[in-house]
Amino acid sequence: MTTNPLSRGLELQETADPLVVFIFGVTGDLTRSKLMPALFSLYLNGRLSRIRIVGFARRDWSDDYLREQAASMTESMPASDEQRRRFLSTLTYLRSSFEDDSGYRRMPEYAEGFANRLYYLSTPPSSYEAVIRGLGETGLAEEQGGFTRIVIEKPFGSDLHSARRLNDLVLSHFDERQVYRIDHYLGKETVQNLMMLRFGNGIFEPVWNRHFIDHVQITVAESSGVGTRGNYYESAGAMRDMVQNHAFQLLAITAMEPPNDIRPESIRGEKLKVIQSLDAVTLREPEEHLVRAQYVGGVVDGEPVRGYREEDDVDPASRTETFVAMRLFLDTWRWAGVPFLLRTGKRLSRKITEISIHFKDPPLRHFTGGSHSVDRNVLAIRIQPEEGITLKMNAKIPGYATAARPVNMDFSYGASFGRAVPEAYERLLFDVMKGDPTLYARRDEIEASWAFVTPMLEYWRDSREPLCEYEAGGAGPSQARRLLGHDARRWRKL
Ligand code: BG6
């Protein structure tokens, strides 16, 4: 690996101190799809000096059954038999209900020999309060000769009131520095690279403002539907599932002021200011600035798919939104008057997360007219897939005529670094083990974003306005076009 010049700088090695990880709700989907593979990968990469993983859940599982399950969760990952055997031997299972104290009282015996403890809440959100209370009331939030940290999965609350209540509860037992509220979008390599792009280069920051930028688009599109999560999604919808957390985090990092330094509190403080500066015009005139929609049947990747109302565990008359688009403004000197156009949806034509910066036209338009005229410059940051950055600019078409055509200047992770980007959960788990909260959301950030989103949810709850529709596999509802507010603007092609 080190002989490959593309991997220079990739070999930095650091390990976490010995620790025990309790996964509450270990029998759920998140453990299967994200947590266990991330832990195994950290293990294989030599990042864990000594670890014990304790699954805590209600189901009638045993140590052996948990190990069998963990083996199947990680079977596609290349490793030797010996590595698998050793990793699986770190797993044990503690069966208990979340409401019953006796399970928590048995935890110290499972943690014996480890001073550092990490609690990961991956239960349904309805059990968060019970687990936090259980840990707090049995003295397990305290630190004795090591650290005790708690990771809380999203959704963190379902509106401002419930988020505040959950914060109050967790902070009545834990100190803020022990609490890690996860938003896995912050762990994505390309999201972190956005900060590097902005603050590690001299050429972007001078044009990163209202003088040069016409508007910004943030797209978080998925081609998948709600799958087996109909029950959860019915009570969430796209606003709670994607906007309040993932999309707002992308917005915050795109728009934040340069922090004084890269300490966690400096970065989190700047992100908070972005959310606090959101202009209330979006809330005052929701019919102008907000579109919600639900998918009907269609075709995705050549396969016919059902509409949202026909999905399992979904009300056939459901009014839950599976798509949201909004126009936002930030009341800051840097951004006043610049629309931030945000959209997210399930069952769109493909999975893509992208932030695009659309620059203004040049002051004089010498090269307009004819079939080949100049386009606006667009800096597109592809968060996933095909992670990379593209700058669209105009080039002269070779020949005698003076005609222009947009061309792309392209940076791709794969080509430049010669290896795939690591999974977000792996990075975030490692950060919490090291005690770095930079990529986790602070109490005030979460509450500020709920404070903005909650009135929109209430407006939808009370409004009679019909829900727009879009065909599965398409680009979303046509109504989203009106948010552009300008003939020369177009949503980026999905
Ligand atoms: C989760 C949402 O937080 O993020 C899901 O609950 C969504 O509905 C997922 O599918 C998307 O994450 P990623 O990393 O696949 O873009």
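Below, all heavy atoms of this structure are taken into account, side chains as well, without hydrogens, waters or symmetry copies. Read the numbers this way: they start at 1 and go in the same order the structure lists the ligands and their atoms.
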Kindly confirm or rule out a cation-pi arrangement of R181 over F156, judged by NZ or CZ under 6.0 Å from the six-membered ring centre and within 45° of its axis?
yes

Atom pairs and distances, donor-acceptor, side-chain atoms in residues 221-233, under 3.5 Å, two or more places apart:
from	atom 1	to	atom 2	distance (Å)
E222	OE1	K346	NZ	2.8
Y232	OH	D241	OD1	2.5
Y233	OH	A238	N	3.3

All side-chain contact (heavy atoms from CB on, under 4.5 Å) counterparts of R52, not counting sequence neighbours:
V20, V54, F114

Closest heavy-atom pair and its distance - L88, R67:
O-NE, 3.1 Å

For residues 33-42, run the donor-acceptor check on the side chains, cut-off 3.5 Å, and write out each pair with its distance to 0.1 Å, sequence neighbours left out.
from	atom 1	to	atom 2	distance (Å)
S33	OG	D29	O	3.1
S41	OG	E426	OE1	2.9
S41	OG	E426	OE2	3.2

Heavy-atom contacts with ligand 1 below 4.0 Å: which residues, ordered by chain and residue number?
K154, H184, Y185, K188, E222, R229, D241, M242, H246, K346, K351, Q384

Any Lys/Arg nitrogen of D436 or K434 sitting under 4.0 Å from an Asp/Glu carboxylate oxygen of the other?
no

